[in-house]
> 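Here you go, one structure.
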Amino acid sequence: MSEVYKTFSCCIPISGYFRSVIYDLQHKEFWIISNTLCDVLKKDFFSDIEIIENANQEIKTGLIQNDIIFKCQIDDIPLFPPLSTEYSIPSKIKSCILDFKNAPTFDLEKVVTQLDSLGTINLQIRFLEKPKSEEVINILSQFDNSLIYSIELIISNNILDLESIIKQFPRITSIILWNCEKCSIKSINNCSVISTNESFVDVSQCGCIEKELFMCSQDNYIEALNFNSCLNRKIAIDCEGNIKNCPSCSVLFGNINNVSLDHALKHLEFQNIWMITKDMVDVCKDCEFRYMCIDCRVYIKNPRSLTSQPLKCMYNPYISKWKGEDGYIPVEECGTYSLIDGFKVNKDTVDSINTILWK
Ligand code: SF4
Ligand code: SF4
């Protein structure tokens, strides 16, 4: 029997325009590699020589030591099936964002019942103004017997006694405090507490694309392959009770005071946006980070095109440079946009830029 190498099923080689990435879904890490090595790692099995020819001995050792590839007998290959990429979760709505100024303007008890019946597991509660602490406790108490698994609280500093609130409401997994003197991150009883010096909750800050925000996990990878990586099974209710896909969306699907969440999400337009995957989005479809990156559908470069690239992306996948790095130029200088065809890269221009940049 002959020995060959194989990529672990949880390590997914993803090609981009100029370079590729191995998504290590088990260790939640990623590794940058060349496109030619990526093509080798995508094969069912490959030889020692194929790795050396497309990388070098040092990279090969790194791939073995970091549990990316392993040696096996060629006859044993069928014993290592690929990872299933079928997306299946029981929740009709996975996450919900609730905005408040102070006391709710709608029947919160009814909302909790509706979220439970939709199978919602993650909740973000945002206080856009400075509420009274009794109001916060009253709102949190409504979820005491709910199926919600984790609550993220966004609130102004100096409203709550953090230790006691975390103890009283163990569903709170993170708290983001605005209006703090200094930025910091700490953990209180396994709850992460992030202090920011923002002076208010600025919804327009959502949708930033930074490498620090990438999430290289199996759940995110499979969701991004099949659905929109931000809005799939998400629902939001703003301070006035308006139902939306997310708080920054301008399209309303009724008001919770007279429309049920179940009714709102049955609206075709509500779910259409869930179907926009990164593989459909201009520029992102050529980016090696597309299955670990959030896909903002609100702040986009061309609001007339549903599949336009996120506006706040600071990465150019055609030259593999982030804004601020030497040689960075915006995506717009690498091709042309049209409403019909979306973004078309100018291959000759990009090839000559890359020859200079990466020689
Ligand atoms: S679609 Fe954009 S604005 Fe809305 S929640 Fe996602 S990242 Fe934020
Ligand atoms: S090009 Fe798209 S996938 Fe790549 S980093 Fe930017 S927003 Fe994310």
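Each ligand, and each atom within it, is numbered from 1 in the order the structure gives.
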> Would you mind telling me if ligand 1 is within reach of the side chain of I97, the backbone, both or neither, using heavy atoms under 4.0 Å?
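Neither part.
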> Looking at atom 4 (Fe) of ligand 2, what's its closest protein heavy atom, distance included?
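In this structure, atom 4 (Fe) of ligand 2 has C287 SG, 2.4 Å as its nearest protein heavy atom.
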> Within 45° of the ring axis of F143 and under 6.0 Å from its six-membered ring centre, is that where the NZ or CZ of R171 lies?
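Negative - R171 is either too far from the ring of F143 or too far off its axis.
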> Should the ring pair F253 and H267 be called parallel, tilted or perpendicular, given that the plane angle runs from 0 to 90° and is split at 30 and 60?
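Ring orientation, 0 to 90° scale: perpendicular.
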> Could you state the interatomic distance from NE2 (H263) to CD (Q114), rounded to the nearest 0.5 Å?
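If I round to the nearest 0.5 Å, the distance is 11.5 Å.
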> Run the salt bridge (charged side-chain N to carboxylate O under 4.0 Å, His left out) check on K278 and E223 step by step: do they pass?
CA-CA 10 Å; K278 278 286 192 194; E223 184 165 39; over 6 Å; no
> For P310, counting its heavy atoms only, list the atoms of ligand 2 lying under 4.0 Å from any of them.
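Those of ligand 2 that fall under 4.0 Å from P310 are 7 (S).
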> Taking non-hydrogen atoms only, is S248 closer than 4.0 angstrom to ligand 1 via side chain, backbone, both or neither?
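The answer is the side chain.
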> Side chain to side chain donor-acceptor pair (under 3.5 Å) between D286 and Y318: does it pass, once the steps are laid out?
CA-CA 8 Å; D286 293 326; Y318 299 106; 2.5 Å; yes
> Specify the protein heavy atom at minimum distance from atom 8 (Fe) of ligand 2: its residue, its atom name, and the distance to 0.1 Å.
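Result: C293 SG, 2.4 Å.
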> Could you list which atoms of ligand 2 come closer than 4.0 Å to a heavy atom of I209?
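In order of numbering, the contacting atoms are 5 (S), 7 (S), 8 (Fe).
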> Which of the numbered atoms in ligand 2 are below 4.0 angstrom from a heavy atom of C313?
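Answer for ligand 2: 1 (S), 5 (S), 6 (Fe), 7 (S).
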> Regarding C246, does it place an N, O or S atom less than 2.8 Å from atom 6 (Fe) of ligand 1?
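Checking C246: none of its N, O or S atoms is under 2.8 Å.
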> Which atoms of ligand 1 sit under 4.0 Å from any heavy atom of R297?
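With R297 as reference, the close atoms of ligand 1 come out as 1 (S).
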> If the plane angle is over 60° it's perpendicular, under 30° parallel, otherwise tilted; pick one for W322 and F214.
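The arrangement is tilted - the two ring planes meet at 30° to 60°.
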> Any idea which protein heavy atom is nearest atom 2 (Fe) of ligand 1, and the distance to it?
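Going by distance alone, atom 2 (Fe) of ligand 1 is nearest to C296 SG, 2.3 Å.
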> Apply the test side-chain contact (heavy atoms from CB on, under 4.5 Å) to residues R126 and F100: give CA-CA distance (whole Å), side-chain angles for both, the deciding distance (0.1 Å), then the verdict.
CA-CA 6 Å; R126 311 189 312 176; F100 300 103; over 6 Å; no
> Please confirm whether I294 comes under 4.0 Å of ligand 1, counting heavy atoms of the residue only.
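In this structure, I294 fails to qualify as a contact of ligand 1 - no heavy atom is under 4.0 Å.
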> Tell me whether atom 8 (Fe) of ligand 2 has C284 as a neighbour, meaning an N, O or S atom of it below 2.8 Å.
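Checking atom 8 (Fe) of ligand 2 against C284, no N, O or S atom falls under 2.8 Å.
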> Number the atoms of ligand 2 from 1 as they appear, then name those within less than 4.0 Å of a heavy atom of R290, with their elements.
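Those qualifying, in numeric order: 3 (S).
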> Within the 4.0 Å heavy-atom shell around G207, which atoms of ligand 1 are there?
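Within the 4.0 Å cut-off of G207, ligand 1 contributes 7 (S), 8 (Fe).
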> Under 30°, 30 to 60°, or over 60°: which ring-plane class applies to F8 and F70, parallel, tilted or perpendicular?
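Answer is tilted, since the angle falls between 30° and 60°.
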> Near C206, which atoms of ligand 1 are under 4.0 Å from a heavy atom of that residue?
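Those qualifying, in numeric order: 3 (S), 5 (S), 7 (S), 8 (Fe).
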> If you measure only the distance, is there a donor-acceptor pair under 3.5 Å linking the side chains of D282 and S308?
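Short answer, no.
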> Are side-chain N/O atoms of N316 and Y17 paired as donor and acceptor at under 3.5 Å?
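No, no side-chain donor-acceptor contact under 3.5 Å.
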> Show me which atoms of ligand 2 lie under 4.0 Å from any heavy atom of K278.
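That gives atoms 2 (Fe), 3 (S), 7 (S), 8 (Fe) of ligand 2.
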> Under 4.0 Å from a heavy atom of Q309: give me the atoms of ligand 2 that qualify, with their elements.
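By the 4.0 Å cutoff, the relevant atoms are 1 (S).
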> Only heavy atoms of C230, strictly under 4.0 Å: list the atoms of ligand 1 that pass.
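With C230 as reference, the close atoms of ligand 1 come out as 1 (S), 5 (S), 6 (Fe), 7 (S).
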> So if I apply the salt bridge (Lys or Arg N to Asp or Glu O under 4.0 Å) rule between E50 and each of K43, K6, K42, which one comes out positive?
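Only match with E50 under salt bridge (Lys or Arg N to Asp or Glu O under 4.0 Å): K43.
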